[in-house]
Amino acid sequence: QVQLVESGGGLVQAGGSLRLSCAASGRAVSGLTAGWFRQAPGKAREFVAAIRASIGITRYADPVKGRFTISRDNAKNTVYLQMNSLKPEDTAVYYCAADDDNSRWYNYDYWGRGTQVTVSS
């Protein structure tokens with residue numbers, strides 16, 4: 001079983017930056033595929049970014065490419081999402097997710113409770 005706890009959300013002006021953290025327990029993140037998703041009010045949850053186990057190949061959704069970076073600190077057992085050049089449309093609840101199956105990008109068994117990110121214009 002994997003427990004995930006997100007932190008780092010908040011209110012930021014457009015053009016600003018935030019770094020989200022996802023602290024994992026129960027398993028080593030180095031052996032899991034980890035991802036970030038977001039859900040804006042009235043919209044479906046959408047994929048943002050993911051990082052594969054071991055060698056750490058990454059994948060990003062088109063709206064965040066070049067602005068967001070996913071990374072992992074194995075010593076801290078934590079996954080990060082660095083978000084730069086934030087836009088109002090990035091406003092959402094951001095969820096961390098993880099999975100043992102390292103062959104897929106978009107389906108996860110373990111989820112955190114989310115952290116709110118609000119970008120003001």
Side-chain angles (χ1 to χ4, degrees):
Q1 191 75 5
V2 179
Q3 292 79 42
L4 304 170
V5 179
E6 304 95 335
S7 62
L11 174 64
V12 64
Q13 288 188 331
S17 298
L18 282 175
R19 188 179 76 159
L20 304 183
S21 299
C22 173
S25 59
R27 292 279 304 281
V29 292
S30 58
L32 302 169
T33 290
W36 287 94
F37 289 72
R38 66 186 182 186
Q39 187 167 20
K43 295 188 177 181
R45 186 165 59 189
E46 64 177 3
F47 171 80
V48 174
I51 183 167
R52 282 275 173 83
S54 301
I55 59 176
I57 296 172
T58 58
R59 177 171 289 190
Y60 297 91
D62 286 344
V64 308
K65 280 181 182 176
R67 300 189 298 122
F68 290 12
T69 303
I70 188 170
S71 62
R72 183 178 64 216
D73 185 330
N74 293 338
K76 295 184 178 180
N77 216 32
T78 298
V79 178
Y80 301 99
L81 185 68
Q82 178 66 44
M83 306 186 295
N84 298 328
S85 302
L86 282 161
K87 304 175 181 180
E89 51 264 43
D90 294 318
T91 295
V93 177
Y94 282 71
Y95 297 90
C96 178
D99 200 87
D100 296 299
D101 187 338
N102 290 301
S103 67
R104 57 191 190 185
W105 289 105
Y106 306 114
N107 296 294
Y108 295 81
D109 286 339
Y110 308 111
W111 291 85
R113 293 189 175 186
T115 186
Q116 176 70 46
V117 172
T118 303
V119 184
S120 64
S121 57

* Asked: If you link I, L, V, M, F, W and Y whenever their side-chain heavy atoms are under 4.5 Å apart, who else ends up in the same group as L4?
  ->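 Cluster partners of L4: V2, L32, Y110.
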* Does V5 sit in a hydrophobic cluster with other residues, and if so which ones, taking ILVMFWY side chains as linked at heavy-atom separations under 4.5 Å, directly or through other members? ->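 Its cluster partners, ordered by chain and number, are none at all.
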* Asked: Rounded to the nearest 0.5 Å, how far does CD of Q13 lie from OG of S121?
  ->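 With rounding to 0.5 Å, OG (S121) is 9.5 Å from CD (Q13).
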* Nearest 0.5 Å please: distance from the CE atom of M83 over to the OG1 atom of T69. => 11.0 Å
Would you find a donor on one side and an acceptor on the other, under 3.5 Å apart, between the side chain of [X] and the backbone of [Y]?
X	Y	result
S85	G15	no
T78	K76	yes
T115	G9	yes

* Asked: salt bridge (charged side-chain N to carboxylate O under 4.0 Å, His left out): which pairs involve residues 46-74, sequence neighbours left out?
  -> R38-E46, D62-K65, R67-D90
* **Residue pairs involving residues 107-121 (criterion salt bridge (charged side-chain N to carboxylate O under 4.0 Å, His left out); sequence neighbours excluded)** => R104-D109
With a 3.5 Å cut-off and sequence neighbours excluded, list the donor-acceptor pairs that the side chains of residues 19-29 form with protein atoms.
| residue | atom | partner | partner atom | Å |
| --- | --- | --- | --- | --- |
| S25 | OG | Q3 | OE1 | 3.3 |
| R27 | NH1 | D100 | OD1 | 2.4 |
| R27 | NH2 | D100 | OD1 | 2.8 |

* Would T33 and I51 count as a side-chain contact (heavy atoms from CB on, under 4.5 Å) if you check the C-alpha gap in whole Å, the side-chain angles of each, and the deciding distance to 0.1 Å? -> CA-CA 6 Å; T33 290; I51 183 167; over 6 Å; no
May I have all residue pairs that pass ring pair (Phe, Tyr, Trp, His ring centres under 6.0 Å) and include part of [range], sequence neighbours excluded?
range	result
residues 76-96	none
residues 10-40	F37-F47, F37-Y108, F37-W111
residues 50-69	none
residues 2-24	none

* Non-neighbouring partners of N77 that pass side-chain hydrogen bond (donor to acceptor under 3.5 Å, both in side chains), sequence neighbours left out -> none
* Listed by chain and number, what are the side-chain hydrogen bond (donor to acceptor under 3.5 Å, both in side chains) partners of Q82, not counting sequence neighbours? ->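 With neighbours one apart ignored, the set is N84.
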* To do: Write out all pairs satisfying disulfide (SG to SG under 2.5 Å) with one or both partners inside residues 35-76, taking only residues at least two apart or from two chains.
  =>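 Counting only pairs at least two positions apart or across chains, no disulfide (SG to SG under 2.5 Å) contact touches residues 35-76.
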* To do: List the atom of A92, the atom of A40, and the distance in Å for their closest heavy-atom pair.
  =>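 Distance-wise, the nearest heavy atoms are CB-N, 3.8 Å.
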Determine whether [X] and [Y] fall in the same hydrophobic cluster, where Ile, Leu, Val, Met, Phe, Trp and Tyr are linked whenever their side-chain heavy atoms lie under 4.5 Å apart.
X	Y	result
V93	V117	no
W105	V64	no
I57	Y106	yes

